[in-house]
2 protein chains.
Amino acid sequence: MRDKLGDMNEQIESVPGTARGRRPGPGSTRQAVIDAARTRFAADGFTATTIRLIAADAEVDASQVMQFFGSKDELFAAVMAIPSSALELFSTAFEGPDEHLGERVVRAHLRAWEGAPKDSEPLMAMLRGAIVNEKASAQLADFIQSRLLDGTRGNAGADAALRAGLASSMLVGIVTSRNIIGVPTLVAADTEDLVAVLAPAIQQILVPQPMAWIETGNGA
Amino acid sequence: MRDKLGDMNEQIESVPGTARGRRPGPGSTRQAVIDAARTRFAADGFTATTIRLIAADAEVDASQVMQFFGSKDELFAAVMAIPSSALELFSTAFEGPDEHLGERVVRAHLRAWEGAPKDSEPLMAMLRGAIVNEKASAQLADFIQSRLLDGTRGNAGADAALRAGLASSMLVGIVTSRNIIGVPTLVAADTEDLVAVLAPAIQQILVPQPMAWIETGNGA
DNA sequence: CCTTAAACTCAACACACGTTGAGATAATTA
DNA sequence: TAATTATCTCAACGTGTGTTGAGTTTAAGG
């Protein structure tokens with residue numbers, strides 16, 4: 001089963017003397033496995049997701065999953081890559097005046113994590129897997145560390161990286177509470193309400209405003 | 001082994017005709033199991049922690065853990081209760097002028113999650129377990145939902161619960177990035193630097209300040 | 001035809017897990 | 001002493017896991 005490809009079967013130039021046997025297929029089953037794995041990993045996390053379940057979802061034998069990816073970890077690694085659409089989202093979020101930086105970043109974050117499944121599932125898989133899987137942890141750390149940093153341009157001081165990491169961590173915390181933990185109030189809240197409350201705070205982090213009556217408490 | 005109690009063996013009033021056999025011990029082994037479980041759950045999460053490992057740490061047979069707690073889930077439930085010291089921390093954080101509310105809340109959060117192991121381990125166990133275990137998820141959701149809400153007193157509007165939940169989620173996100181994911185910049189940062197950057201933002205969330213040049217973006 | 005190689009199926013291995021039950025040891029009372 | 005109850009040990013069960021290897025089917029040469 002699952003060999004119902006037929007479409008997209010581009011003709012292969014037959015260079016004689018090089019390849020003899022059957023040509024590698026278009027990898028449609030491999031893609032089906034990746035899709036199933038992405039959904040499962042995002043929904044149930046790394047340990048709760050089993051190879052057998054993924055194989056069943058993809059209508060494939062479990063051993064074929066192993067043959068394709070070698071191990072559960074490698075399959076997970078293939079699934080949790082940050083989608084380019086999410087990266088573009090953040091690149092464009094920093095274009096424009098600083099006045100609305102916070103709002104744009106908040107919107108980009110929420111869209112990346114809560115948008116179309118194809119875009120958000122790898123991120124959710126990373127987030128859920130980060131508790132158990134080292135690779136997910138490292139990749140998520142890199143994501144948090146560097147994504148926002150690109151955008152903290154001229155106005156950034158020496159602590160730009162810290163501020164970027166904090167803002168990103170905070171927004172990841174929001175997504176965790178809303179989509180993984182399931183805090184009722186946050187689940188029920190409208191996206192626009194979230195933006196309204198979060199944007200000024202993130203703005204405060206990224207483009208610090210001196211507020212006379214707030215002491216930083218940094219007296220070391 | 002592990003019956004080295006002896007101490008604190010208060011004399012039991014022997015009411016004749018009621019109890020005949022051996023007296024229940026002081027529960028020192030039970031406590032040893034709880035301690036070992038707390039540390040393991042906080043460090044490795046729910047699924048990665050095994051009954052056999054906990055039993056080995058406590059120098060106890062695995063079946064005795066079952067006899068005490070019935071199941072792994074019940075053991076976890078006994079371990080992840082929010083320590084009263086953390087609750088007190090948040091209660092006192094709201095006493096005082098609104099001007100420094102953000103800073104006090106940030107400090108209370110960081111101290112609760114990163115303070116003494118005995119206090120922070122249950123919270124870390126909850127956080128790590130929330131991905132897999134429903135009870136941890138529910139309890140953490142309740143924690144996020146209600147803890148900060150107590151303190152949003154008179155100045156709170158209708159969206160006080162939302163603001164409280166968002167602020168708490170953000171701070172949980174910081175702790176997650178710093179102590180679980182391990183984002184380098186946040187790990188390296190000094191606590192005082194974190195407070196300096198975070199306090200104004202949390203203040204902004206809890207006690208919203210109208211800032212003329214920031215639009216809320218709420219146009220619904 | 002035969003050969004090669006990919007795609008796929010089937011059955012099982014070895015292991016670790018949570019959990020169970022029977023029994024040994026220790027403490028307390030009659 | 002004998003009886004009773006708590007504490008603890010030992011050996012195993014059943015299940016599900018990731019993983020392996022042998023074998024079958026299908027496509028593409030020679």
Side-chain angles (χ1 to χ4, degrees), chain A residues 1-6 8-33 37 40-41 44-56 58-77 132-133, chain B residues 1-6 8-33 37 40-41 44-56 58-77 132-133:
Chain A
M1 42 187 83
R2 170 62 55 178
D3 226 352
K4 48 193 169 188
L5 24 118
M8 290 190 68
N9 237 342
E10 42 191 327
Q11 55 224 24
I12 298 117
E13 306 166 45
S14 59
V15 181
T18 50
R20 279 246 292 163
R22 175 181 180 174
R23 289 295 111 84
S28 66
T29 57
R30 183 189 171 96
Q31 192 58 44
V33 170
R40 282 284 176 190
F41 279 134
D44 304 335
F46 181 77
T47 43
T49 297
T50 69
I51 299 263
R52 286 171 165 85
L53 255 179
I54 294 173
E59 299 177 69
V60 161
D61 193 272
S63 44
Q64 192 160 13
V65 177
M66 299 298 298
Q67 188 167 325
F68 276 145
F69 298 94
S71 71
K72 186 184 180 183
D73 276 281
E74 290 181 64
L75 170 59
F76 185 76
V132 190
N133 186 282
Chain B
M1 43 189 80
R2 168 65 54 179
D3 227 352
K4 47 193 169 190
L5 22 118
M8 291 190 68
N9 235 342
E10 42 191 328
Q11 55 224 24
I12 297 118
E13 308 166 42
S14 60
V15 181
T18 50
R20 279 247 291 164
R22 176 180 179 175
R23 288 294 110 86
S28 66
T29 57
R30 184 191 171 97
Q31 192 57 45
V33 170
R40 282 283 176 190
F41 279 134
D44 304 335
F46 180 77
T47 42
T49 298
T50 68
I51 298 265
R52 285 171 164 85
L53 255 179
I54 294 173
E59 299 178 68
V60 160
D61 194 89
S63 44
Q64 193 161 13
V65 177
M66 300 297 299
Q67 189 167 325
F68 276 146
F69 299 94
S71 72
K72 186 184 180 184
D73 276 282
E74 290 180 64
L75 170 60
F76 184 76
V132 190
N133 186 283

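Quick note: numbers below take in every heavy atom, side chains included, and nothing from hydrogens, waters or symmetry partners. Just so it is clear: chains get the letters A, B, ... in the order the sequence lines come, proteins before strands, and each one is counted from 1.
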For the pair made of [atom1] in [X] and [atom2] in [N], what is the distance, rounded to whole Å?
X     : N      : atom1 : atom2 : value
B/F68 : C/dT19 : CZ    : P     : 16 Å
B/Q64 : C/dG23 : CD    : C1'   : 14 Å
A/E59 : C/dT9  : CD    : P     : 10 Å

side-chain hydrogen bond (donor to acceptor under 3.5 Å, both in side chains) partners for A/S63, two or more places apart: A/D61

Going 5' to 3' along nucleotides 17-24 of chain D, which nucleotides have protein heavy atoms under 4.0 Å from the base (write B), which only from the sugar-phosphate (write S), and which from neither (write -)? BBBBB---

Aromatic ring pairing B/F46/B/F76, orientation class (parallel under 30°, perpendicular over 60°, tilted between): perpendicular

For nucleotides 2-5 of chain D, print each protein N/O atom paired with a nucleotide N/O atom at under 3.5 Å, atom names and distance only.
{"unit_1": "D/dA3", "atom_1": "O3'", "unit_2": "B/R20", "atom_2": "NH2", "d": "3.4"}
{"unit_1": "D/dT5", "atom_1": "O2", "unit_2": "B/R22", "atom_2": "N", "d": "3.2"}

Show every salt bridge (charged side-chain N to carboxylate O under 4.0 Å, His left out) that has at least one partner inside residues 63-72 of chain A, sequence neighbours left out. none

By side-chain contact (heavy atoms from CB on, under 4.5 Å), which residues pair with A/Q31, not counting sequence neighbours? A/I34, A/D35, A/R38

Stepwise side-chain contact (heavy atoms from CB on, under 4.5 Å) check, B/I54 with B/L75: CA-CA 10 Å; B/I54 294 173; B/L75 170 60; 3.8 Å; yes

Quick one: CZ on A/R30 to CD on A/Q67, what's the gap to the nearest 0.5 Å? 11.0 Å

Residue list, salt bridge (Lys or Arg N to Asp or Glu O under 4.0 Å) with A/D44, at least two apart or on another chain: A/R40

Considering all heavy atoms, the nearest A/S71-A/M66 contact: CA-CE, 3.9 Å

